[in-house]
Amino acid sequence: MRKGAFAGRVLDAGCGTGENAIEVATQGLEVLGVGVAATAIEVARSKAVAHGVNVGFLLHDALQLGRLGQVFQAVLDCGLFHTFDDRERRRYVESLAAVTARGGLIHLLCFNDTTPGNGGPRHVSQAEIRSSFSNGWRVVRIDSDRYETKFDNRGSPAWLARIERL
């Protein structure tokens with residue numbers, strides 16, 4: 001995670017066990033991580049305490065982020081976008097719009113369509129990212145990257161997108 005990539009209040013959507021939220025919080029930023037797995041949220045809370053970092057973690061559905069009643073200048077999505085089908089993806093983008101400040105950025109990392117095989121999460125094309133974020137958003141850039149996994153020590157091909165809320 002590049003230092004300085006995030007500013008303001010940060011939401012980690014689909015935070016898992018909190019590694020990314022904790023890393024961003026070490027940069028002195030206010031971070032809230034949300035996820036639907038109670039066990040993962042408890043692990044994330046314990047990790048934050050162990051690291052001496054103040055990070056909020058909530059059990060919350062990323063398809064209903066508006067119910068948080070909060071606004072964020074930056075959102076991190078590391079591995080959530082590619083889990084949704086087309087209908088859920090539309091709901092997710094609407095949910096992100098409800099909590100992302102105008103001018104705020106989404107930092108999205110997802111498996112890309114060059115990922116070998118058919119297993120695992122959906123393999124997303126750049127066109128799918130651009131189409132999903134076409135109304136009320138501006139795709140600033142999409143770069144080729146790697147998604148670190150336990151299954152491939154070289155990482156899997158991924159897209160790293162920066163998307164601005166208009």
Answer whether the closest heavy-atom distance between the side chains of Asn112 and Val124 falls below 4.5 Å.
-> no
Distance-only, no hydrogens or angles: does the Thr100 side chain make a donor-acceptor pair with backbone N or O of Arg165 under 3.5 Å?
-> no
With sequence neighbours excluded, what pairs up with Phe84 under the ring-ring contact (aromatic ring centres under 6.0 Å, His included) test?
-> Tyr92
Thr17 side chain to Ala40 backbone, donor-acceptor under 3.5 Å | no
Under 4.0 Å between a Lys/Arg side-chain N and an Asp/Glu carboxylate O for Arg102 and Glu164?
-> no
4.5 Å side-chain heavy-atom contact, Asn135 and Val93 | no
Spacing of NE2 belonging to His107 relative to SG belonging to Cys78, to within rounding of 0.5 Å = 12.0 Å
His51 and Thr26, any side-chain heavy atoms less than 4.5 Å apart = no
Is any side-chain heavy atom of Leu32 less than 4.5 Å from a side-chain heavy atom of Leu58?
-> yes
Tell me, yes or no, whether the heavy-atom count around Asp113 atom CG, taken from other residues, nucleotides or ligands under 6.0 Å, exceeds 12.
-> yes
Between Ser134 and Ser131, is there a donor-acceptor pair closer than 3.5 Å when you use the side chain of the first and the backbone of the second?
-> yes
Would you call Glu42 and Arg45 a salt bridge, using N to O less than 4.0 angstrom?
-> yes
Report yes or no: does Ser132 contribute a side-chain atom to a donor-acceptor pair with the main-chain N or O of Glu128 at less than 3.5 Å?
-> yes
Measure up the Phe111 and His82 rings against each other and bin them: parallel (under 30°), tilted (30 to 60°), perpendicular (over 60°).
-> tilted
Donor-acceptor under 3.5 Å (Asp77 side chain, Leu108 main chain) | no
Are Ile22 and Phe6 joined in one hydrophobic group, where the rule is that I, L, V, M, F, W and Y side chains link up if heavy atoms are under 4.5 Å apart?
-> yes
Sidechain-backbone polar pair: Arg141 side chain, Ala161 backbone, donor-acceptor under 3.5 Å | no
Spell out, yes or no, whether Leu109 and Val140 are grouped together once hydrophobic residues are joined by side-chain heavy atoms under 4.5 Å, including indirect joins.
-> no
CG-CD1 distance between Leu96 and Ile163, expressed to the nearest 0.5 angstrom = 8.5 Å
Can you find a pair of side-chain heavy atoms, one from Phe57 and one from Asp12, that are under 4.5 Å apart?
-> no
Minimum side-chain heavy-atom gap Val99-Gln70 below 4.5 Å | no
Rounded to the nearest 0.5 angstrom, the CD-CD1 distance for Gln126 and Ile142 is 4.5 Å
Minimum side-chain heavy-atom gap Pro157-Arg146 below 4.5 Å = yes
